[in-house]
Amino acid sequence: MDKQYDFISRELEIQKFWQKNGIFKFDPDLEKEVFSIDTPPPTVSGQMHIGHSFSYTQQDIVARFARLANKNVFYPFGTDDNGLPTERLIEKLKNVRTVDMKRSQFIELCQKTLQEILPDFIQDWKDIGMSCDFDLYYSTIDDNSRRLSQQSFIDLYKMGRAYRIEAPVVWCPTCRTAISQMEMEDRVDESKFCDLTFKLDNGEELIISTTRPELLSSCVAIFVNPQDERYQKIVNQMAQVPIFNHKVKVIADSRAEMEKGTGAAMCCTFGDATDMQWYRAHKLPLILSIDQSGHMTDKAGKYKGMTAKEAREAITSDLKVAGLMIGEKKITHNVNVHERCKTQVEIINSKQWFIKYLDLKEQFLSAGNKLNWYPDFMKSRLENWIKGLQWDWCISRQRFFGVPFPLWYCKNCGKVKLANVDDLPVDPIKDKPKTPCDCGSNEFEPEIDVLDTWATSSLTPQIAISLVSDKVAKDKLFPMSLRPQAHDIISFWLFNTLVKSLLHENKNPWRDVMISGWVLDPKGRKMSKSLGNVIEPKNIIKSYGADAIRYWACGAALGQDISFTEEEIRVGKKTVLKLWNAARFCKLQFEQNLFTPDNEKLNLEPEDEWIISRLIIAVDEYKKSFKQYNLPMARAAVDKLFWDDFADNYLEIIKERVYGQDEGSKHAALNTLYSILFGIVCLYSPIIAHVSEKIYDEIYKRDKNKESISQFIFGDLNLGKVNKNIVSDFEIVKKIISKIRKYKSEHQLSINAPISKVTIQAEDDFEAYFSLIKSVSNAKSVTLGRGNLEIEDTVKVKIS
RNA sequence: GCACCCGUAGCUCAGUUGGUUAGAGCGCAUCGUUGACAUCGAUGAGGUCAUCCGUUCGAGUCGGAUCGGGUGCACCA
């Protein structure tokens with residue numbers, strides 16, 4: 001056994017061992033309860049983030065625990081590699097722009113590039129010791145995922161849930177695509193509130209405040225609150241829009257807020273979501289002044305071709321010159337931006353596909369309520385989100401690299417022609433329908449939009465399960481046991497998966513949900529390139545090892561964001577080294593004494609019985625904690641057993657027996673050492689997986705009939721009953737040992753320094769422990785007594 | 001505005017269903033290296049559990065209010 005544990009080479013070696021021997025391969029034939037995990041497929045948009053290594057380790061620890069608890073673990077791995085994030089990555093890597101390329105060329109480039117980068121990308125996940133069955137692999141753009149995603153769409157269409165309409169949608173002018181409500185985020189922006197003069201028919205002037213004067217050409221009405229006494233007499237009058245001079249009606253509507261601006265608002269199609277509501281409620285005309293790329297249309301007259309921002313400046317200066325703008329004040333307000341590119345979104349009218357689901361809010365809420373949430377409070381994030389839903393799910397994207405819609409439109413009658421389910425996956429641009437339209441026409445127009453990537457990744461349970469061919473096994477896999485993920489995508493991935501599962505399977509996709517927190521920098525800020533505070537997992541693995549990261553991740557409560565500090569990682573490394581050294585000590589003793597384990601007629605000493613009881617107690621705490629997904633508590637249970645009881649005390653106590661001549665006592669000690677260390681290594685194996693495997697390999701593999709430590713279950717530990725008396729007595733024994741050490745420390749003696757006499761005040765039956773106390777303290781005698789401490793190297797300990 | 005989380009030792013955090021003297025690691029101080037470990041060990045000093053009120057025989061833990069830090073959602077003419 002190496003004197004120095006070289007974690008860099010050992011961890012790599014062990015990962016290869018796992019891989020080569022298919023240690024984590026899912027076997028559908030095992031007669032065990034299945035534990036199926038809906039592994040999050042990481043988005044291929046760059047490199048692994050420290051937050052990934054944190055949350056993926058947490059779920060991996062749970063997976064490994066499940067194996068220890070005798071479950072047949074189904075743990076697939078996928079990558080989410082289509083849609084905007086992937087397109088953007090390819091553009092960056094290959095220095096191209098989609099707009100300059102042919103669609104087919106770009107798709108080809110995406111596919112080719114993915115082939116190049118995916119092995120390295122996936123390797124990052126292997127580097128932290130993930131115990132997935134990497135043969136159960138899917139990509140959300142592979143043929144099988146396309147097929148299932150397209151089939152999902154067809155099913156939803158046939159249910160009447162998928163529909164296509166021309167409607168205002170949230171639009172990103174940079175990405176030139178519709179996006180969904182969940183893809184927006186907030187940003188605080190500086191802007192100007194401009195006071196503009198509208199002329200009323202009666203000759204009076206009406207002042208309106210707006211932040212978006214560039215939309216004047218789209219102004220279709222003016223709204224005032226019906227309660228607003230200032231404006232009651234002008235309701236239903238016409239007002240003339242400055243610069244453009246068309247006339248719009250003043251309408252009373254309670255959505256107009258009296259306190260905001262002057263209390264009179266102009267409604268433009270469309271400036272914001274309220275405009276859209278007014279447009280629908282009052283059947284207002286549609287005037288689109290901004291096109292899909294964010295430029296002004298010919299409706300904007302002389303401002304045509306400018307960007308919205310340019311137009312705003314131009315029109316503001318024109319208004320000032322014309323004396324129609326009588327004031328402006330700087331304000332800061334929130335604007336919605338596209339989370340992928342941070343561009344301010346617009347509302348634009350266009351034809352899109354939607355999934356109708358606003359009518360199902362109640363079902364969603366009750367489904368969310370049926371899940372077991374760890375931690376429980378994360379449920380309210382989902383509830384909050386569902387309650388706030390205002391749009392159906394827009395699933396079409398005007399992009400290229402994604403799953404195509406499996407349909408065409410008849411050129412003659414316009415009707416939708418769906419692909420046959422048997423022919424999936426299809427690409428309507430390349431493929432043709434096999435039968436004519438109902439109207440008899442054979443001329444079709446393909447749908448060129450692609451599906452929102454969430455429309456596919458919301459099917460991960462179905463996709464992962466489809467990789468198993470065994471029909472019986474499939475039934476055991478769904479609903480899945482666990483969805484692990486971080487909290488940032490509760491409203492995206494978790495919610496969408498829930499939606500699809502309810503629509504398709506009419507039941508929840510999983511039983512449990514575990515939510516990991518985020519890793520923040522040491523100051524508690526989000527990590528970002530612009531702040532320069534990004535931590536690369538690769539560097540951490542190099543300096544501390546993957547096990548150190550794993551140990552660290554196991555110490556954080558679920559759902560709680562955690563500040564990254566290198567000191568915390570150092571503790572993990574320390575634990576790994578301590579375990580390695582303790583194991584090395586044990587192995588040394590086994591070798592020097594030609595020890596072979598057997599359990600016959602052992603002459604157990606009290607300390608042996610104590611540490612055996614402590615193992616039983618620790619296993620119990622460990623199991624209880626894990627069942628509640630309480631990772632830190634489970635870790636603490638092993639830590640206490642290993643550091644406090646085993647390394648600091650038990651090892652020290654038995655040294656003399658192991659070095660001594662009493663063969664019976666020596667054998668009992670070695671045997672206990674052998675089984676307790678094995679228990680400890682088993683308990684540590686889900687957490688610091690590599691070093692545990694290596695210790696198993698060094699010490700236990702030759703005697704035990706299994707290839708890997710991860711093939712053992714709690715039952716293999718053959719735990720008996722706890723001896724409660726010895727356990728409580730040992731709390732006192734440990735205190736006595738501690739007092740003797742304190743005495744030595746205070747007298748500047750080394751920890752092994754001999755002392756002549758220890759006097760202990762205790763009940764007579766406590767004398768059973770005197771021998772081990774004598775041994776661990778290197779005292780010439782330990783006696784029962786009542787006197788005070790008088791001789792310099794004599795210790796008196798009082799037991800209460 | 002609505003909702004959620006957090007506030008415990010100098011720092012980072014743990015404290016199951018209320019129950020003796022509130023824990024860990026780091027840091028700090030003192031001491032100690034010839035039989036696993038100096039990438040170490042031993043010992044020790046640090047706490048009015050944010051504040052106030054209440055429930056209770058008993059509150060870090062339960063309820064209410066307040067203050068401070070953060071997050072999600074909404075609003076954003």
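Order of the sequence lines sets the chain letters (A, B, ...), proteins ahead of strands, with each chain counted from 1.
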Exercise. Provide the closest heavy-atom pair for A/G559 versus A/M378 in the form atom of the first, atom of the second, distance.
Key: O-CE, 3.6 Å
Quiz item: Considering only the P atoms, how many Å lie between B/G23 and B/C53, rounded to the nearest integer?
Solution: 26 Å
Quiz item: Side chain of A/N225, backbone of A/A256: donor and acceptor closer than 3.5 Å?
Solution: yes
Quiz item: Does A/D662 pair with A/K666 as a salt bridge, N-O distance under 4.0 Å?
Solution: no
Exercise. With heavy atoms under 4.0 Å as the rule, sort A/D639 into base, sugar-phosphate or nothing.
Key: nothing
Self-check item: Distance, rounded to the nearest Å, where A/I740 contributes CD1 and B/G44 contributes C1'
Solution: 18 Å
Practice problem: For nucleotides B/A50 and B/C6, find the distance between their P atoms and express it as a whole number of Å. | Solution: 12 Å
Exercise. Between B/G41, B/G72, B/U12, spot the one nearest the side chain of A/D648, thanks.
Key: B/G41
Quiz item: Base of B/G69 relative to its sugar, syn (within 90° of 0) or anti?
Solution: anti
Practice problem: Could you tell me whether A/V335 contacts a base, only the sugar-phosphate backbone, or nothing, with contacts defined as non-hydrogen atoms closer than 4.0 Å? | Solution: base
Quiz item: For the side chain of A/D547 and the backbone of A/H690, is there at least one donor-acceptor N/O pair under 3.5 Å apart?
Solution: yes
Practice problem: Consider the side chain of A/M633, meaning its heavy atoms from C-beta on, and name the nucleotide among B/C13, B/C37, B/U16 that approaches it most closely. | Solution: B/U16
Quiz item: Is the side chain of A/K361 donor-acceptor paired with the backbone N or O of A/L389 at a distance under 3.5 Å, no angle test?
Solution: yes
Quiz item: How is A/K742 classified with respect to the nucleic acid when contacts are heavy atoms under 4.0 Å: base, sugar-phosphate, or nothing?
Solution: sugar-phosphate
Exercise. For A/A264 and for A/A557, find the nucleotide of RNA chain B with the closest heavy atom, then tell me which residue's nucleotide is more 5'.
Key: A/A557
Quiz prompt | Within residues 209-228 of chain A: residues closer than 4.0 Å to RNA chain B (heavy atoms) | solution = A/S209, A/T210, A/T211
Exercise. Quick one: label A/S191 by what it contacts on the DNA or RNA (base, sugar-phosphate, nothing), any heavy atom closer than 4.0 Å.
Key: nothing
Exercise. For nucleotides B/A74 and B/G18, find the distance between their P atoms and express it as a whole number of Å.
Key: 37 Å
Self-check item: B/U20 to B/U16 separation - P atoms, rounded to the nearest Å
Solution: 12 Å
Quiz prompt | Pair A/K734 + A/D645, salt bridge at N-O below 4.0 Å | solution = yes
Quiz item: For the rings on A/W580 and A/F7, is their centre-to-centre separation under 6.0 Å?
Solution: no
Quiz item: Base, sugar-phosphate alone, or nothing: which one does A/K578 contact when heavy atoms must sit under 4.0 Å apart?
Solution: base
Quiz prompt | Evaluation steps, side chain to side chain contact (heavy atoms under 4.5 Å, CB included), between A/I695 and A/E698 | solution = CA-CA 5 Å; A/I695 291 170; A/E698 289 277 356; 5.6 Å; no
Quiz item: Between B/C75 and A/Q390, is there an OP1 or OP2 to side-chain N/O distance shorter than 4.0 Å?
Solution: yes
Self-check item: Residues in ring-ring contact (aromatic ring centres under 6.0 Å, His included) contact with A/F678, at least two apart in sequence or another chain
Solution: A/Y700, A/F712
Quiz item: A/R741 has a side chain; which of B/U43, B/A74, B/G72 sits nearest to it?
Solution: B/U43
Quiz item: Dot-bracket, RNA chain B: Watson-Crick or G-U, under 3.5 angstrom, [ ] crossing, | other strand?
Solution: (((((((..((((.....[...)))).(((((.......))))).....(((((..]....))))))))))))....
Quiz item: Say you pick atom P in B/C49 and the same atom in B/U43; how far apart are they, in whole Å?
Solution: 27 Å
Exercise. Classify the nucleic acid contact of A/W643 as base, sugar-phosphate or nothing, counting any heavy atom under 4.0 Å across all strands shown.
Key: sugar-phosphate
Self-check item: Integer angstrom distance from the C1' of B/C73 to that of B/G63
Solution: 27 Å
Quiz prompt | Length of the line joining A/E698:CD and B/A36:P, which is rounded to integer Å | solution = 17 Å
Exercise. Tell me what A/K587 touches on the nucleic acid: a base, only sugar-phosphate, or nothing, going by heavy atoms under 4.0 Å.
Key: nothing
Quiz item: Out of B/C73, B/C4, B/C13, which nucleotide sits closest to the side chain of A/S380?
Solution: B/C4
Exercise. Decide, yes or no, whether a salt bridge links A/R212 with A/D272 under the criterion of side-chain N to carboxylate O below 4.0 Å.
Key: no
Quiz prompt | Atom-pair distance (CG on A/N336; C1' on B/G72), nearest Å | solution = 14 Å
Quiz item: Are any of A/Q181's side-chain N or O atoms less than 4.0 Å away from OP1 or OP2 of B/A74?
Solution: yes
Quiz item: How does protein reach along nucleotides 5-10 of chain B, written 5' to 3' as B (base within reach of a heavy atom under 4.0 Å), S (only sugar-phosphate), or - (no contact)?
Solution: SS----
Self-check item: Any A/K3 side-chain nitrogen or oxygen under 4.0 Å from OP1 or OP2 of B/C37
Solution: yes
Practice problem: Would you please test A/V224 and A/R230 for side chain to side chain contact (heavy atoms under 4.5 Å, CB included) and show each step? | Solution: CA-CA 9 Å; A/V224 296; A/R230 293 170 294 179; over 6 Å; no
Quiz item: Base, sugar-phosphate alone, or nothing: which one does A/A636 contact when heavy atoms must sit under 4.0 Å apart?
Solution: nothing
Practice problem: In whole angstrom, give me the gap between the P atoms of B/G15 and B/A24. | Solution: 15 Å
Quiz prompt | cation_pi(A/K260, A/F193) dist<6.0 Å, angle<=45 | solution = no
Practice problem: Sort out for me which residue in A/V235, A/I251, A/L200, A/L206 forms a side-chain contact (heavy atoms from CB on, under 4.5 Å) with A/I222. | Solution: A/L206
Self-check item: Nucleotide nearest A/D186 (side chain, heavy atoms from C-beta), chosen from B/C73, B/C75, B/G41
Solution: B/C75
Quiz prompt | Closest heavy-atom pair and its distance - A/R10, A/D2 | solution = NH2-OD2, 2.5 Å
Exercise. Determine the Euclidean distance between corresponding P atoms of B/A9 and B/U51; express it in Å to zero decimal places.
Key: 11 Å
Practice problem: Between B/C40, B/A36, B/C73, spot the one nearest the side chain of A/N581, thanks. | Solution: B/A36
Quiz item: Given atom CZ of A/F495 and atom C1' of B/C73, what is their separation to the nearest angstrom?
Solution: 13 Å
Practice problem: Kindly point out which of B/G25, B/A77, B/C37 is positioned nearest to the side chain of A/E652? | Solution: B/C37
Practice problem: Return the nearest nucleotide to the side chain of A/A256; candidates are B/U39, B/A77, B/C13. | Solution: B/A77
Quiz item: For the ring pair A/W518 and A/F54, is the centre-to-centre distance below 6.0 Å?
Solution: no
Practice problem: Under 4.0 Å between any heavy atoms, over every strand shown, what does A/E567 touch: base, sugar-phosphate, or nothing? Just pick one. | Solution: sugar-phosphate
Exercise. State whether A/K739 places a side-chain N or O below 4.0 Å from either non-bridging phosphate oxygen (OP1 or OP2) of B/U43.
Key: no
Quiz item: With sequence neighbours left out, what residues match A/R657 under salt bridge (Lys or Arg N to Asp or Glu O under 4.0 Å)?
Solution: A/E607, A/D608
Quiz item: How are the rings of A/F223 and A/H282 set to each other: parallel, tilted or perpendicular (split at 30° and 60°)?
Solution: tilted
Quiz item: With a non-hydrogen cut-off below 4.0 angstrom, is A/N384 in contact with a base, only sugar-phosphate, or nothing?
Solution: base
Quiz prompt | Contact pattern, 5' to 3', of nucleotides 27-35 of chain B - B, S or - by protein heavy atom under 4.0 Å | solution = ----SS--B
Practice problem: Answer with base, sugar-phosphate or nothing: what part of the nucleic acid does A/A753 contact at a heavy-atom distance below 4.0 Å? | Solution: nothing
Exercise. Quick one: label A/T565 by what it contacts on the DNA or RNA (base, sugar-phosphate, nothing), any heavy atom closer than 4.0 Å.
Key: nothing
Quiz item: With distance as the sole criterion, is a donor-acceptor pair present between the side chains of A/S728 and A/E731 under 3.5 Å?
Solution: no
